[in-house]
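First comes the structure, then the notes that go with it.
Start at 1 with the first residue, then count along the sequence. Heavy atoms only: backbone and side chains are in, while hydrogens, waters and symmetry mates are out.
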Amino acid sequence: MIKALLSHCLVWLLLVAASVPAAVAAGDSVTLGVFAYRPDNVINERYQPLADYLTLETGMAVNLKVFNQDDMNRALAANQIDFFLTNPSHFLVIRSERSLTGALATLRRSWRGETTGSIGGVIITRVERDDINRLQDLEKKSIAMPGLTYLGGYQAQALELVNAGVDVRRHNRMVFLGNHDRVIRSVLSGDTDVGFIRTGIYEELLSENPNLAGELKIINPQQLRGYPFVLSTRLYPEWPLVSLPHVDSRTVRRVASALFALEPEHAAAQAAGLAGFSPPADYQSVEMLTRTLRMPPYDQVPRVTWVDILHQYRNWVITVAVLFVLLVITSLWLGRKKKQLASEERRLRSLIASWPQPMLMIRNGELVDCNRAAVDLVGYTSEASLLGKSLAAFSPHSQPDGAPSSQKSEALFTRVTAGEVSQTEWLFVRSNGERVWVAMTLAPVYEHGSDIPSVLCSWHDITRRKQAEEQQRLALRVFKNAREAIFITDAHGVVMDINEAYTQITGRDHKSAIGSLPPMPVDEGSAILVAASRHGVWSGEFAARHQDGQAIVLNLSLSSVLDEQGDLSHFVGVFSDITRQKEIEKQLRIMAHYDALTNLPNRVLFSDRLHQSMAQARRQNYRLAVVYIDLDQFKPVNDAFGHDAGDGLLVEVARRMRATLREEDSLARLGGDEFAAIIVNVPDAVTLDILLSRLLTVIAEPVWVANHSVEVSASMGYTLYPQGEEIDGDQLLRQADQAMYRAKREGKNRYYCFQDADA
């Protein structure tokens with residue numbers, strides 16, 4: 001395969017060499033800068049075929065230059081680069097400095113048949129470092145990394161650590177080494193405790209040095225299906241390829257067309273480990289990361305001055321100033337008005353000050369005098385605090401009948417000034433916010449020299465009476481409209497009254513319910529009434545039947561009511577229909593412990609049954625086997641016929657395995673095409689071999705799905721319990737899983753014991 005690839009690359013280079021002179025002769029030449037996240041010679045070897053490919057496809061000479069970040073920044077400042085390929089964090093910094101419009105394309109990487117357009121960070125340490133296993137263990141450890149503006153080599157890991165409560169920027173010694181190869185060498189040599197590298201580097205170096213797997217371990221590994229690289233952080237968009245503003249649009253279109261036309265099988269793509277290029281990705285997640293970490297270009301906080309605030313809110317400042325002036329003018333006018341009325345107020349005050357009932361004198365709709373009783377009723381400190389105000393000033397916006405207080409008081413004054421004596425109920429609001437009801441009487445008072453009479457107003461506090469009436473109305477509304485059924489019985493438990501919910505829940509109308517007993521548990525009967533009278537309340541759940549015979553479940557609370565002498569007079573019961581709730585609880589228990597597709601136990605229930613089976617095996621001194629089952633060639637069925645066909649295949653295979661196993665054995669679906677079984681009371685190896693062979697046979701039988709006959713096999717691994725030393729259920733399942741992988745490697749459609757596989 002390597003020879004074929006080299007031959008293909010040689011032919012490609014010859015074609016490129018044949019086309020380059022024409023492009024150069026035409027005077028078209030562009031420079032592609034690539035950021036060197038690995039040694040320059042490695043990057044140059046990988047991306048030179050890409051530059052040659054672009055030369056051939058665009059008809060322009062594409063010159064490749066490999067830079068570190070500082071050199072690339074200087075080359076950009078001098079306009080020595082037309083296109084550049086770098087990591088997303090570096091791209092954000094360049095974009096903020098160069099006013100770029102955006103990325104031209106986002107590369108996609110390829111590794112052993114899997115492709116991805118995402119990049120993340122990897123945290124590595126030496127395998128013998130037992131003190132470093134979690135993100136929290138990295139605190140105060142020395143860390144090797146390529147540099148601060150490396151997304152996969154620093155920033156992604158730093159954000160994960162900040163979220164885990166570890167701030168490496170404050171508490172760790174950081175060593176910047178320039179590229180990822182030096183980071184790995186630093187960790188292997190023991191110069192640093194931990195290393196940060198981007199995804200894909202570990203796999204590349206592992207292919208060059210397989211022994212690396214036994215020397216390094218991954219911290220905080222993430223299990224992402226379909227992602228080809230080891231990973232310790234969340235994922236971000238891959239590297240962007242960007243054009244500079246000085247490049248003309250025709251050249252940009254030619255390069256973009258060539259990039260998007262690059263196929264994964266092309267020698268240029270394979271040399272760089274690429275699967276091609278896709279339209280530009282959304283780099284907002286990278287911006288949020290750099291903002292959170294306060295990394296360039298978001299490491300500066302804008303300063304806001306008082307001038308900026310005044311300029312932004314100048315309309316509000318002007319409005320407040322105008323209102324303040326109006327407030328001052330209004331206060332001055334009120335002061336002058338009060339002085340004019342001072343003599344009148346003194347005369348009327350002496351008339352009503354000593355009256356024990358709240359009395360007020362109103363002229364032109366305003367209070368001009370009042371006694372102390374009126375002040376106390378509305379909760380103010382002095383008579384002066386009431387004067388000059390209208391009745392509406394001490395009232396809510398609207399009276400309980402819905403009429404605005406100001407309009408209603410004006411109508412009253414109109415009738416009174418016409419010579420009528422008026423009586424009404426009025427709601428006031430005290431200074432502390434409390435509401436007070438009064439029976440108010442208003443009568444006209446004619447004074448010498450005035451054609452329009454003043455109004456003498458008296459109040460009588462009726463708040464307690466109104467509160468009692470309101471409580472009665474509220475209790476009646478609650479009783480009628482409550483969603484829970486409410487009933488009232490006499491001292492013997494005979495129903496005296498019910499609400500509408502009682503009829504809806506039990507099916508009994510008001511006529512049939514009155515004079516009968518309420519719903520109560522059949523087996524307890526009158527004992528509930530005794531318990532409620534003795535303890536004050538009884539509550540519980542019980543099964544009952546609707547009037548139409550349908551079974552229901554009720555939740556009842558029964559309380560006793562005592563009369564003024566302390567004797568039992570009534571019972572009040574409240575119950576609700578919880579039938580649907582009980583059904584939902586039952587369904588939730590099933591969903592939590594069983595697989596929705598096959599109705600087999602899921603991983604949670606399987607783990608519980610495994611622990612119970614292990615305890616029983618210890619008590620009764622017998623052996624059990626834990627079997628891990630993985631279907632072979634299941635993915636091609638899904639790909640060829642769709643997920644519905646795959647689901648049908650899983651259901652049929654699960655049914656066959658369940659029918660083959662014994663009644664006392666357990667079968668569970670762990671997920672996907674993976675199953676596990678607990679075989680109890682294993683007498684000998686021969687019996688177990690016969691049972692496992694039958695499982696292989698029934699699984700391998702053809703299954704009719706999607707109008708096609710398909711066949712799959714299974715790879716199985718098993719382990720036995722008890723063993724020489726005590727282990728838990730998770731360890732047993734991992735042993736069976738390892739044995740299953742041995743069966744996969746040995747050709748599939750077979751089974752292996754853990755001891756044999758381990759050997």
Problem - Partner set under salt bridge (charged side-chain N to carboxylate O under 4.0 Å, His left out) for D673, not counting sequence neighbours - result: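 Salt bridge (charged side-chain N to carboxylate O under 4.0 Å, His left out) check on D673 returns nothing, list empty.
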Exercise for the section: Could you pull out all residues at least two apart from D639 that satisfy salt bridge (charged side-chain N to carboxylate O under 4.0 Å, His left out)? Expected result: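 If we apply the salt bridge (charged side-chain N to carboxylate O under 4.0 Å, His left out) test to D639, skipping adjacent residues, the hits are K635.
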The residue among F35, F196, F176 that forms ring-ring contact (aromatic ring centres under 6.0 Å, His included) with Y150 is F35
Scan K141, K140, R129 and name whichever one has a salt bridge (charged side-chain N to carboxylate O under 4.0 Å, His left out) with D193.
->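 Considering K141, K140, R129, a salt bridge (charged side-chain N to carboxylate O under 4.0 Å, His left out) with D193 is found only for R129.
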Between [Y] and [X], is the closest basic N to carboxylate O distance under 4.0 Å?
X: R134; Y: D137; answer: yes
X: R109; Y: E204; answer: no
X: R108; Y: E238; answer: no

Do [X] and [Y] have side chains that approach each other closer than 4.5 Å (heavy atoms only, starting at C-beta)?
X: R198; Y: L151; answer: no
X: I218; Y: L216; answer: no
X: P601; Y: R609; answer: yes
X: P221; Y: V230; answer: no

inquiry  = Just to verify, what does Y154 make a ring pair (Phe, Tyr, Trp, His ring centres under 6.0 Å) with, not counting sequence neighbours?
reply    =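 Not a single residue meets the ring pair (Phe, Tyr, Trp, His ring centres under 6.0 Å) criterion with Y154.
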Is the number of heavy atoms from other residues, nucleotides or ligands within 6.0 Å of [atom1] ([X]) greater than 12?
X: E726; atom1: CD; answer: yes
X: D684; atom1: CG; answer: yes
X: Y741; atom1: OH; answer: no
X: R662; atom1: CZ; answer: yes

Between R742 and the options E746, M740, Q738, the side chain to side chain contact (heavy atoms under 4.5 Å, CB included) test singles out E746
Note to self: Between K744 and D632, is the salt bridge (charged side-chain N to carboxylate O under 4.0 Å, His left out) condition met? List the steps.
What the structure shows: CA-CA 8 Å; K744 285 276 190 187; D632 304 324; 2.6 Å; yes
Notebook entry, point to check: Does the side chain of N41 pick up a donor-acceptor pair with the side chain of E45 at under 3.5 Å?
Noted result: no
